[in-house]
Asks: 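Would you mind keeping the following structure in view while I ask a few things?
Hydrogens, waters and symmetry mates are skipped; everything else that's a heavy atom, side chains included, is used. No experiment lies behind these values; they were computed from the predicted model shown.
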Amino acid sequence: FLEDLKDRRDRDKDAPVTEGWVLCSLILVLMMSKTILENNYFHRVFRVGMHVRSVCVGLVYDKSLRLSQVARQSQNTGKIVNLMQLDAMKLLEFCQNVHVIWSGLFQNV
């Protein structure tokens, strides 16, 4: 694209200025729409990740309440809290970063 613009500049020294303004305006509009769409995408992915994290924390908490006395003695509180917080946070980060695998291909094009 930039090579085409450079060739056009070299060929047409007397080209109208409005053509340049139209191209600049087009680039500006495209970059602004890319920014808006990308922020919307990240907002939605973050929300999905938060929902997954909250469901995971709730499931681990419910399971910890249903543990028998023998199972509760074998699992210390720190391990249960670790499952509820850190592992759930890893799921949140996974939901946010898994889309980079396929969307990165489109961003490079």
Asks: Going from CG on L30 to OG1 on T35, what distance comes out if it is rounded to the nearest 0.5 angstrom?
Replies: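 These two atoms lie 10.5 Å from each other.
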
Asks: Let me confirm one number: the OG-CG distance from S54 to L91, rounded to the nearest 0.5 Å.
Replies: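 The OG atom of S54 sits 11.0 Å away from the CG atom of L91.
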
Asks: Working to the nearest 0.5 angstrom, can you tell me the gap between N40 CG and I36 CD1?
Replies: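 Taking CG in N40 and CD1 in I36, the distance rounds to 9.5 Å.
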
Asks: Specify the closest pair of heavy atoms between V52 and C95, including all atoms of both residues, with the distance to one decimal.
Replies: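 In terms of heavy atoms, the two residues are closest at CG2-SG, 4.0 Å.
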
Asks: Which pair of non-hydrogen atoms, one from A88 and one from V57, has the smallest distance, and what is that distance?
Replies: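 The pair with the smallest heavy-atom distance is CB-CG2, 3.6 Å.
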
Asks: Count I, L, V, M, F, W, Y as connected when their side-chain heavy atoms are under 4.5 Å apart, and connections chain through other members. Are F94 and M84 then in the same cluster?
Replies: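 Shared cluster, no.
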
Asks: With clusters defined by side-chain heavy atoms of hydrophobic residues (ILVMFWY) lying less than 4.5 Å apart, directly or transitively, does L65 cluster with V60?
Replies: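 Cluster IDs for V60 and L65 match.
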
Asks: Treating Ile, Leu, Val, Met, Phe, Trp and Tyr as nodes and any side-chain heavy-atom pair under 4.5 angstrom as an edge, say whether V98 and M89 lie in one connected cluster.
Replies: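 Different clusters: V98 never reaches M89 through Ile, Leu, Val, Met, Phe, Trp or Tyr contacts under 4.5 Å.
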
Asks: Of all residues at least two apart in sequence or in a different chain, which pass the side chain to side chain contact (heavy atoms under 4.5 Å, CB included) check with K34?
Replies: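 Applying side chain to side chain contact (heavy atoms under 4.5 Å, CB included) to K34 gives M31, E38.
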
Asks: I need the Q96 CD to M50 CE distance, nearest 0.5 Å.
Replies: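 That separation rounds to 9.0 Å.
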
Asks: Could you check whether atom OH of Y41 has more than 12 heavy atoms from other residues, nucleotides or ligands sitting under 6.0 Å from it?
Replies: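 Yes, OH of Y41 has more than 12 neighbouring heavy atoms, counting only those of other groups under 6.0 Å.
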
Asks: To the nearest 0.5 angstrom, please state how far the NZ atom of K79 sits from the OG atom of S64.
Replies: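 If I round to the nearest 0.5 Å, the distance is 13.5 Å.
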
Asks: Which distance, rounded to the nearest 0.5 Å, do you find between the CZ of F46 and the NE2 of H51?
Replies: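 The distance works out to 10.5 Å.
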
Asks: Report the residues that fulfil side chain to side chain contact (heavy atoms under 4.5 Å, CB included) with D87, sequence neighbours left out, ordered by chain and then residue number.
Replies: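 Side chain to side chain contact (heavy atoms under 4.5 Å, CB included) list for D87, sorted by chain: L83, K90.
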
Asks: Under the side chain to side chain contact (heavy atoms under 4.5 Å, CB included) test, which residues partner L59, sequence neighbours left out?
Replies: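 With sequence neighbours excluded, L59 shows a side chain to side chain contact (heavy atoms under 4.5 Å, CB included) to V55, given in chain and number order.
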
